[in-house]
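Hydrogens, waters and symmetry mates play no part in the numbers below; they use all other heavy atoms, side chains included. On a predicted model such as this, the values are computed, not experimentally measured, just so you know.
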Amino acid sequence: MQSQRRHQQDTAGPRPALRTLLLLLLCLTVSASLVLMADNSSGVRLSQAAINELGQTYGEPARRRLASWQRLLADLAEADETTKLREVNRFFNQVRFLDDIVHWKKTDYWATPVEFLVSNGGDCEDFSIAKYYTLRELGVPIEKMSIAYVKALELNQAHMVLTYYPTPSAVPLVLDNLISDIKPASQRPDLLHVYSFNGDNLWLTKKGRRADLVGASDRLKPWVQLQSRINQQHDQ
C-alpha cells in the first residue's frame, strides 16, 4: 500500500540520495538490533538497555523517540480511554510519512512499532499498527479496536486507519495519519470502508461498522508476518 499525505511534505533531513542510502543501510541492519528490543510479547515495552543499544546503532534522535514512547506509556497508564486515544494519535502522527518502496525497498512492508520509530518513517499501515499495539498495551481492549482498510476518496487510493468502537454497535472513531482530529466514521465521508481486523477477527465493514465476520485475522499474510517478527524479537 502506498498512500500519500499531499498536505504534509517532508521538509527536513538528508537530501534524497543520501536519505535513500541511509534507509537502505537501516533495512540491512535493523533486524539484528531489534532482537534486543522487547520486554514483553507485544513488542511495546522496552528496557533502558534496549533503548540505549538501539540509540547507539541508529543515533540519538532514534533513542529520544523510543524514550518518549516509553514515557508516553508511563504517563497514560491511569488515563481514561479518550485521553489515551488522543495522545497516542498525536504522538505517532509526528512521524514522517514514507512509502514502503522508498523506505524499505519493498512494495508492501508492515513495520513493527519499534522499526517505525527507529527509522522515523512509515506509511499508513505502520501508523495504524503502532497506534493499535500501543493502545493495547495501555489496556484498551482489542475488541474495541480494528485496523481498517479503506479507500481515501480524495487521494483515490488505498489507505489504512485505526478505528475505535466505544460500544460494539457504535459508529467507530477514526485515528488517521491524514488528519490530526479524531472523528467518527460518519464524519469522514472521504473514507470508503472495505474491511477491518484486529488480533482475532476479520470483518467486512460498511460506513465504519463491522458488517460481516468473514474469518480470523490470520487470513491476512502481512499481519501474520508482522506478529511473527514481533514474537521472534521477544523470544530472542
Side-chain angles (χ1 to χ4, degrees), residues 1-5 8-76 87-135 137-138 177 180 222 225-236:
M1 184 180 303
Q2 299 181 19
S3 59
Q4 299 180 8
R5 289 189 293 183
Q8 293 187 349
Q9 299 294 326
D10 180 19
T11 59
R15 294 182 180 273
L18 178 57
R19 184 172 64 194
T20 299
L21 177 61
L22 291 173
L23 290 172
L24 179 59
L25 292 173
L26 175 63
C27 294
L28 294 174
T29 59
V30 70
S31 60
S33 293
L34 291 178
V35 299
L36 300 169
M37 76 171 208
D39 281 347
N40 70 342
S41 59
S42 72
V44 171
R45 297 285 182 181
L46 306 183
S47 68
Q48 188 60 52
I51 293 173
N52 292 341
E53 183 68 23
L54 287 164
Q56 290 176 5
T57 303
Y58 301 110
E60 178 60 18
R63 188 201 66 79
R64 289 198 300 266
R65 286 191 294 273
L66 294 174
S68 294
W69 183 34
Q70 298 304 292
R71 286 196 299 272
L72 182 75
L73 290 169
D75 292 344
L76 294 178
E87 293 304 314
V88 168
N89 190 62
R90 180 200 60 78
F91 178 82
F92 285 109
N93 280 1
Q94 299 175 89
V95 179
R96 299 177 303 166
F97 178 92
L98 292 171
D99 283 335
D100 285 338
I101 197 65
V102 173
H103 196 41
W104 298 109
K105 310 307 176 198
K106 297 181 180 181
T107 56
D108 191 27
Y109 182 78
W110 292 17
T112 69
V114 170
E115 290 171 327
F116 182 50
L117 287 174
V118 162
S119 63
N120 191 28
D123 65 2
C124 54
E125 59 261 34
D126 303 325
F127 285 88
S128 302
I129 288 165
K131 294 171 187 178
Y132 172 88
Y133 272 96
T134 301
L135 288 167
E137 181 65 23
L138 285 169
N177 64 288
S180 58
Q225 292 172 336
L226 169 73
Q227 292 180 309
S228 177
R229 290 202 318 278
I230 288 176
N231 290 336
Q232 288 173 0
Q233 291 163 6
H234 170 68
D235 292 341
Q236 295 175 357

Begin from the C-alpha positions of T107 and D100 and carry the test side chain to side chain contact (heavy atoms under 4.5 Å, CB included) through to its verdict. CA-CA 6 Å; T107 56; D100 285 338; over 6 Å; no
Interatomic distance, CG@N177 vs CZ@R96, rounded to 0.5 Å, equals 14.0 Å
Is there a side-chain contact between L46 and W69, using heavy atoms and a 4.5 Å cut-off? yes
Indicate yes or no: at least one non-hydrogen side-chain atom of V114 is less than 4.5 angstrom from one of Y133. no
Side-chain heavy-atom pair P61, N120 within 4.5 angstrom cut-off: no
Closest non-hydrogen atoms of S68 and R71, given as atom of the first, atom of the second and distance, are OG-NH2, 2.9 Å
Taking all heavy atoms of E137 and all of L73, pick out the closest pair and write down the distance. CG-CD2, 4.2 Å
According to the interplanar angle, ranging from 0 to 90°, do the rings of Y109 and W104 count as parallel (below 30°), tilted (30 to 60°) or perpendicular (above 60°)? tilted
State whether the side chain of N52 and the backbone N or O of A49 hold a donor-acceptor pair below 3.5 Å, judged by distance alone. no
Closest non-hydrogen contact found for A130 with P113 is CA-CG, 4.0 Å
Quick one: are F92 and D126 in side-chain contact, heavy atoms under 4.5 Å? no
Partners passing side-chain hydrogen bond (donor to acceptor under 3.5 Å, both in side chains) against R90 (at least two apart in sequence or in another chain): E87
Whether R65 side chain and S119 backbone form a donor-acceptor pair below 3.5 Å: no
Which heavy-atom pair separates T134 from V88 by the least distance, and what is that distance? CG2-CG2, 3.9 Å
Taking every heavy atom of Q70 against every heavy atom of V44, the minimum-distance pair comes out as NE2-O, 2.9 Å
Could you give the distance from CG (L54) to CG (L66), rounded to the nearest 0.5 Å? 6.0 Å
For a 4.5 angstrom cut-off between non-hydrogen side-chain atoms, does V95 reach F116? yes
Under 3.5 Å, side chain of D99 to main-chain N/O of D123, donor-acceptor pair present? no
List the residues meeting side-chain hydrogen bond (donor to acceptor under 3.5 Å, both in side chains) with S128, not counting sequence neighbours, and say none if there are none. none
Does the Q94 side chain pair with the main chain of F91, one donor and one acceptor, at a distance under 3.5 Å? yes
